[in-house]
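For reference, the structure is listed below as C-alpha coordinates.
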Amino acid sequence: QASLVESGGGLVQAGDSLRLSCAASGRTGSGYVMGWFRQAPGKGREFVAAINWAGSTYYRDSVEGRFTVSRDNAKNTMYLQMNTLKPEDTAVYYCAATRQVLHTSPPYYDYWGQGTQVTVSS
(Lines give C-alpha, C1' and ligand atoms only; values in the text may rest on other atoms or scores of the structure.)
Protein backbone atom coordinates (compact mmCIF):
# COMPACT_ATOMS: atom_id res chain seq x y z
CA GLN A 1 0.00 0.00 0.00
CA ALA A 2 1.15 3.55 -0.69
CA SER A 3 0.16 6.90 0.73
CA LEU A 4 0.65 10.39 -0.68
CA VAL A 5 -0.07 13.50 1.36
CA GLU A 6 -0.01 17.00 -0.11
CA SER A 7 0.49 20.21 1.83
CA GLY A 8 1.27 23.87 1.23
CA GLY A 9 -1.86 25.11 -0.52
CA GLY A 10 -3.55 28.37 0.37
CA LEU A 11 -5.01 31.68 -0.74
CA VAL A 12 -2.61 34.10 -2.43
CA GLN A 13 -2.74 37.09 -4.74
CA ALA A 14 -1.78 37.09 -8.39
CA GLY A 15 1.98 37.29 -8.75
CA ASP A 16 2.68 35.57 -5.44
CA SER A 17 4.43 32.25 -4.90
CA LEU A 18 3.56 28.99 -3.16
CA ARG A 19 5.44 25.78 -2.54
CA LEU A 20 3.52 22.51 -2.45
CA SER A 21 4.91 19.35 -0.90
CA CYS A 22 3.96 15.71 -1.42
CA ALA A 23 5.15 13.23 1.18
CA ALA A 24 5.12 9.62 0.03
CA SER A 25 5.16 6.51 2.16
CA GLY A 26 4.67 2.81 1.66
CA ARG A 27 5.32 1.26 -1.74
CA THR A 28 6.23 4.47 -3.54
CA GLY A 29 9.92 5.20 -3.74
CA SER A 30 12.74 4.00 -5.94
CA GLY A 31 11.84 3.97 -9.61
CA TYR A 32 8.55 5.79 -9.26
CA VAL A 33 7.61 8.72 -11.44
CA MET A 34 5.80 11.37 -9.43
CA GLY A 35 3.50 13.97 -10.89
CA TRP A 36 1.35 16.97 -10.05
CA PHE A 37 -2.16 17.37 -11.44
CA ARG A 38 -4.84 19.95 -10.80
CA GLN A 39 -8.58 20.19 -11.10
CA ALA A 40 -10.52 23.43 -11.26
CA PRO A 41 -14.28 23.55 -10.54
CA GLY A 42 -16.25 22.13 -13.43
CA LYS A 43 -13.15 20.95 -15.28
CA GLY A 44 -11.30 17.69 -15.69
CA ARG A 45 -8.08 16.78 -13.94
CA GLU A 46 -5.11 18.10 -15.91
CA PHE A 47 -1.42 17.39 -15.88
CA VAL A 48 0.84 20.07 -14.41
CA ALA A 49 4.34 18.60 -14.03
CA ALA A 50 6.16 15.35 -13.41
CA ILE A 51 9.60 14.14 -12.39
CA ASN A 52 11.23 10.74 -12.63
CA TRP A 53 13.63 9.10 -10.22
CA ALA A 54 16.66 10.51 -12.06
CA GLY A 55 15.30 14.05 -11.91
CA SER A 56 14.10 14.50 -15.47
CA THR A 57 11.10 16.81 -15.58
CA TYR A 58 8.20 17.69 -17.85
CA TYR A 59 5.67 20.55 -17.64
CA ARG A 60 2.46 21.63 -19.24
CA ASP A 61 3.03 24.63 -21.47
CA SER A 62 1.07 27.12 -19.35
CA VAL A 63 3.30 26.61 -16.28
CA GLU A 64 6.66 26.19 -18.02
CA GLY A 65 9.06 28.79 -16.64
CA ARG A 66 6.83 29.61 -13.63
CA PHE A 67 6.61 26.25 -11.86
CA THR A 68 9.47 23.98 -10.83
CA VAL A 69 9.04 20.36 -9.78
CA SER A 70 11.71 18.68 -7.68
CA ARG A 71 12.09 15.69 -5.39
CA ASP A 72 14.19 14.61 -2.44
CA ASN A 73 14.52 10.87 -2.82
CA ALA A 74 16.06 10.48 0.64
CA LYS A 75 12.95 12.06 2.17
CA ASN A 76 10.56 10.46 -0.34
CA THR A 77 9.10 13.91 -0.94
CA MET A 78 8.22 15.85 -4.09
CA TYR A 79 7.82 19.61 -4.32
CA LEU A 80 6.17 22.09 -6.66
CA GLN A 81 7.47 25.63 -6.48
CA MET A 82 4.90 27.90 -8.07
CA ASN A 83 5.93 31.44 -8.91
CA THR A 84 4.09 34.30 -10.58
CA LEU A 85 0.77 32.66 -9.83
CA LYS A 86 -2.25 33.60 -11.94
CA PRO A 87 -5.98 33.36 -11.18
CA GLU A 88 -6.23 30.57 -13.77
CA ASP A 89 -3.90 28.47 -11.60
CA THR A 90 -6.71 28.20 -9.04
CA ALA A 91 -7.52 24.51 -8.51
CA VAL A 92 -7.16 21.56 -6.21
CA TYR A 93 -3.64 20.23 -6.72
CA TYR A 94 -3.01 16.50 -6.47
CA CYS A 95 0.21 14.53 -6.38
CA ALA A 96 0.39 11.09 -7.93
CA ALA A 97 2.87 8.27 -8.46
CA THR A 98 3.36 5.60 -11.09
CA ARG A 99 5.80 2.79 -11.78
CA GLN A 100 5.45 3.38 -15.50
CA VAL A 101 7.43 5.85 -17.58
CA LEU A 102 6.57 9.52 -17.25
CA HIS A 103 3.00 10.11 -18.46
CA THR A 104 0.78 13.16 -18.59
CA SER A 105 -2.49 11.23 -18.43
CA PRO A 106 -4.12 10.52 -15.04
CA PRO A 107 -5.09 6.87 -15.70
CA TYR A 108 -1.41 5.90 -15.86
CA TYR A 109 -0.91 6.90 -12.22
CA ASP A 110 -1.50 4.29 -9.53
CA TYR A 111 -1.49 6.32 -6.32
CA TRP A 112 -3.04 9.66 -5.51
CA GLY A 113 -3.07 12.12 -2.65
CA GLN A 114 -6.18 13.80 -1.27
CA GLY A 115 -5.39 17.17 -2.83
CA THR A 116 -4.63 20.66 -1.55
CA GLN A 117 -6.51 23.81 -2.55
CA VAL A 118 -4.67 26.65 -4.27
CA THR A 119 -6.65 29.85 -4.76
CA VAL A 120 -5.17 32.83 -6.58
CA SER A 121 -7.08 36.09 -6.35
CA SER A 122 -6.78 38.82 -8.97
Side-chain angles (χ1 to χ4, degrees):
Q1 196 72 355
S3 174
L4 303 175
V5 179
E6 305 95 337
S7 61
L11 171 63
V12 297
Q13 294 186 329
D16 286 351
S17 298
L18 273 178
R19 187 193 196 204
L20 305 184
S21 298
C22 172
S25 61
R27 296 185 63 183
T28 56
S30 178
Y32 274 82
V33 167
M34 297 187 75
W36 288 101
F37 292 79
R38 66 187 181 188
Q39 188 165 14
K43 296 187 177 181
R45 192 166 296 189
E46 64 180 20
F47 171 80
V48 176
I51 184 168
N52 66 11
W53 183 255
S56 296
T57 58
Y58 188 73
Y59 300 91
R60 71 178 296 111
D61 289 345
S62 62
V63 308
E64 181 87 54
R66 298 189 297 123
F67 290 11
T68 302
V69 60
S70 61
R71 65 192 292 172
D72 184 335
N73 291 332
K75 295 182 178 179
N76 223 6
T77 301
M78 175 179 63
Y79 306 96
L80 185 67
Q81 177 67 43
M82 305 185 294
N83 298 329
T84 320
L85 282 161
K86 303 176 181 181
E88 51 264 43
D89 294 318
T90 295
V92 177
Y93 282 71
Y94 299 89
C95 69
T98 178
R99 286 282 293 177
Q100 302 190 50
V101 297
L102 197 153
H103 277 288
T104 62
S105 182
Y108 286 99
Y109 287 78
D110 305 305
Y111 304 105
W112 291 85
Q114 83 289 348
T116 185
Q117 177 70 47
V118 172
T119 303
V120 185
S121 64
S122 58

> Should the ring pair Tyr93 and Phe67 be called parallel, tilted or perpendicular, given that the plane angle runs from 0 to 90° and is split at 30 and 60?
Replying inline: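 The rings of Tyr93 and Phe67 sit tilted, inter-plane angle from 30° to 60°.
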> Relative to each other, are the rings of Tyr111 and Tyr32 parallel, tilted or perpendicular (30° and 60° limits)?
Replying inline: tilted
> Less than 4.5 Å apart, any side-chain heavy atom of Met82 and any of Val48?
Replying inline: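 In short, these two side chains do not touch, never coming nearer than 4.5 Å.
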> Do Tyr79 and Asp72 come within less than 4.5 Å of each other through their side chains, counting heavy atoms only?
Replying inline: yes
On a heavy-atom basis, which atom in [X] and which in [Y] lie closest, and how many Å separate them?
X: Tyr109; Y: Ala96; result: CD2-CB, 3.5 Å
X: Thr84; Y: Arg66; result: O-NH1, 2.9 Å
X: Met34; Y: Leu4; result: CE-CD2, 4.1 Å
X: Asp110; Y: Arg99; result: OD2-N, 3.6 Å
X: Asn52; Y: Leu102; result: N-CD1, 4.5 Å
X: Val12; Y: Ser17; result: CG1-O, 4.3 Å

Taking the side chain from [X] and the backbone from [Y], do they hold a donor-acceptor pair closer than 3.5 Å?
X: Glu6; Y: Thr116; result: no
X: Tyr59; Y: Val69; result: yes
X: Arg71; Y: Ile51; result: yes
X: Arg60; Y: Phe47; result: yes

>> I'd like to know whether CD of Gln117 has more than 12 heavy-atom contacts from other residues, nucleotides or ligands below 6.0 angstrom.
In response: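 Yes, CD of Gln117 has more than 12 neighbouring heavy atoms, counting only those of other groups under 6.0 Å.
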> So Thr98 and His103, side chain to side chain contact (heavy atoms under 4.5 Å, CB included) or not? Walk me through it.
Replying inline: CA-CA 9 Å; Thr98 178; His103 277 288; 5.7 Å; no
